[in-house]
Protein chains: 2
Amino acid sequence: MALTRSEERINAKKRPAAKAKAKAPALPLNTILRGDCIEAMRGLPDASVDMVFADPPYNLQLGGDLTRPEGSVVDAVDNDWDKFDTFRAYDEFTRAWLTEARRVLKPDGSLWVIGSYHNIFRVGAVLQDLGYWILNDIVWRKANPMPNFRGTRFTNAHETMIWASHGEKSKYTFNYRAMKTLNDELQMRSDWVLPICGGSERLKRNGKKAHPTQKPEALLYRVLLASTNKGDVVLDPFFGTGTTGAVARRLGRDWIGCERDETYIEVAEQRISDALPLDESALKTMQSPRSAPRVAFGTLVSTGYVAPGTVLHDRKRRWAATVQADGSLVCEGKQGSIHKIGATMQDAPSCNGWTFWHIDDPEKGMQPIDTQRQTYILATEP
Amino acid sequence: MALTRSEERINAKKRPAAKAKAKAPALPLNTILRGDCIEAMRGLPDASVDMVFADPPYNLQLGGDLTRPEGSVVDAVDNDWDKFDTFRAYDEFTRAWLTEARRVLKPDGSLWVIGSYHNIFRVGAVLQDLGYWILNDIVWRKANPMPNFRGTRFTNAHETMIWASHGEKSKYTFNYRAMKTLNDELQMRSDWVLPICGGSERLKRNGKKAHPTQKPEALLYRVLLASTNKGDVVLDPFFGTGTTGAVARRLGRDWIGCERDETYIEVAEQRISDALPLDESALKTMQSPRSAPRVAFGTLVSTGYVAPGTVLHDRKRRWAATVQADGSLVCEGKQGSIHKIGATMQDAPSCNGWTFWHIDDPEKGMQPIDTQRQTYILATEP
DNA sequence: CCCCAGGTTGAATCTGCAG
DNA sequence: TCTGCAGATTCAACCTGGG
């Protein structure tokens, strides 16, 4: 029997003395292994998978309920699988699964882990201790994160992925050209702007979300495209509802998942069987429109483009407003944003502060502050 | 002398038994402490600084300065064992300075650390182990990063900051309104787009850059504005060329720096003496309503801003409530505060009556009673 | 058919003070 | 330390229903 293209690919990538595979038992390709991932991985041979993508429990340590300003309660992650007694317990769990994953990973393979500040620092440290070699940390900047309802912190608007090779000397796969093409012929950066998973992509069961933390396929799409080749084997120890499997199938990669929860498994199997191998529509999801960067007035102040203390006028010099350190304006005893103060002064419902307020330039005369914004954008554009 | 509103706020935040400060020796404000930061911090009293900003060495090979716990020097590494040894040494170093910083930090203070994937995971894990409570991880997304010349990885286009309070129960400072204003009336997110330090801001010495990792002032500007108040004391254990000091001076904060390198110290001292403090009038930042005087609804009734007998509605006119002479509401036979009745009607655990209940103004239509409160506050403000 | 208004929702370590 | 309660607090995307 002729080799499939994917088998050719694996052979081509093989190190000279990679006999293990010939002796090793066949891999359970494109199946979900039931049960605990550490146990499940023990059944896989050494150095048998090309890439690992892992979305482990984050150990969120949430307190009581969180309500939105309008009174409704946030549907938070309260699953047992996310609870650990101590950091030490979490570290031991992390060390155990990362150890097993590294054994199963080929020497030239790489691993991705996603997490938030609750767990990612622990994961990263353990991973370095075990000999993985960090290649990049990637920031997933959420286009539409949940706001901070209480106004107590910065909006938690991103998650972090660590991309690491098996070891320092690994000849890992990185499809540089594909990434550059995907990014309008600019090098792909370590920060990716992608929407969170919602809409028809969000899997439901009995009208409720099937999994509390389903990842967007666009994220996995980029991960798989960057660090695997067609025909490679991808292992996901925390398979959940199978985003990794669905994207792997679409992109012509083989996958192995581990999952304990029978409900998640059911949903994932259905989903993956519905996933069509790559067509044009799949590519479309990746074409993010490059919108103009939004620049806040405060950025101009904090970067020195407009000095605090500067006095702004409207075009007819009816009002004079002083720029504050935080980018707000003070005018006739009132304080607020450039838009708000502009509206208040004119007694109008709204106002575009960018064109309303002017700086009196000794050379060019009255210039709308929008000119400063344009200067800033030109100077900082990549 | 009357307290300004921001001073009131600082005092209001103080813990009851803040006697330590009175007894403690005077802090070496606005000076650079020469020598190793751990030694230098030992000379500072407990709980004496409001905020710590630290930009520790990133590289795990600290040259002759990185020693194993038992005192031997770690040299260049290329095998796993030495790597582990190096990580362990870096962890010890991190643990030492973070421990000392935590002692010096006030219980309601907070700490910022900036790093890259080389060190930030270790710093984050140690910091959690020591009892710091992470509030956010902040991604500084560089507008103009250095490209990845060899095309072997993603362009490393960001650095990570961790913002943590002294402990879980700390009443840390977060100037929510100022941050929201700085971001054009949207909540400030955990990802900040800022240019790297260059141009005239980049300090030179003999034509070469004075410090390899000088941070942009805009970054510190935002950090200080977010997490300190005017007059607070900021400690920077890795002072370098003094970005923290320069921005602190501009923003009316006191600072203390630690630095070993005499050349950096010279550059920093010159730089800070050149930094102009912002005019008092430009420093007034947006205050949270939290710090505004509290006005009871009963006050509005007793002062005639809302007449007893006035009928209030919710926005959709589902309920009608009558204002009583004592400032309570009566609605569907129930009586209570504006908040309580609002909550009862909606069958919600709580409700902000100020925004829930409206007065039907013949000219302006439905107006939340909060506008009456604002009118009262403006009219009665000193 | 489109458009707009209104409702819902997402990995969240989410209050502070008086008594 | 605990309880009770005043009152401060949200952004972008998607869905649904009515005009």
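Note on naming: letters A, B, ... go to the chains in the order of the sequence lines (proteins, then strands), and numbering restarts at 1 for each one. What you see below is based on every heavy atom in this structure, not just the backbone, and it leaves out hydrogens, waters and symmetry mates.
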Residue set satisfying side chain to side chain contact (heavy atoms under 4.5 Å, CB included) with B/Ser302, at least two apart, ordered chain then number -> none
Taking side chain to side chain donor-acceptor pair (under 3.5 Å) as the test, write out the residues that go with B/Asp191, two or more places apart. A/Arg141, B/Arg189
Walk along nucleotides 5-10 of chain C from 5' to 3' and tag each nucleotide B, S or - by protein heavy-atom contact under 4.0 Å, base first, then sugar-phosphate. --S-BB
By side chain to side chain donor-acceptor pair (under 3.5 Å) - contacts of A/Asp36 (at least two apart): none
Which residues share a side chain to side chain donor-acceptor pair (under 3.5 Å) with B/Trp133, sequence neighbours left out: none
Tell me, please, which residues at least two apart from B/Ser328 pass side chain to side chain donor-acceptor pair (under 3.5 Å). B/Asp326, B/Gln335
Rounded to whole angstrom, note down the C1' distance from D/dC5 over to C/dA12. 24 Å
Can you give each donor-acceptor pair under 3.5 Å made by side-chain atoms of residues 54-66 of chain A, sequence neighbours left out, with the distance rounded to 0.1 Å?
| residue | atom | partner | partner atom | Å |
| --- | --- | --- | --- | --- |
| A/Asp55 | OD2 | A/Lys215 | NZ | 3.1 |
| A/Tyr58 | OH | A/Glu159 | OE1 | 2.5 |
| A/Gln61 | NE2 | A/Asn59 | O | 3.4 |

Where does DNA chain C form stems of at least three consecutive Watson-Crick or G-U wobble pairs, each pair having both distances below 3.5 Å? C:2-10 with D:11-19, C:15-19 with D:2-6
Would you say the side chain of A/Asp78 and the base of C/dA11 hold a donor-acceptor pair, judged only by whether the two atoms sit under 3.5 Å apart? no
Going by side chain to side chain contact (heavy atoms under 4.5 Å, CB included), name the residues that satisfy it together with B/Gln346, two or more places apart in sequence or in a different chain. B/Trp319, B/Ala348, B/Cys351, B/Phe356
Taking ring pair (Phe, Tyr, Trp, His ring centres under 6.0 Å) as the test, write out the residues that go with B/His358, two or more places apart. none
For B/Ile338, all residues meeting side chain to side chain contact (heavy atoms under 4.5 Å, CB included), sequence neighbours excluded: B/Phe297, B/Leu329, B/Trp354, B/Trp357, B/Ile369
Collect all protein-nucleotide pairs involving nucleotides 5-7 of chain D in which both atoms are nitrogen or oxygen and the distance is under 3.5 Å.
| residue | atom | partner | partner atom | Å |
| --- | --- | --- | --- | --- |
| D/dG7 | OP2 | B/His339 | NE2 | 2.5 |

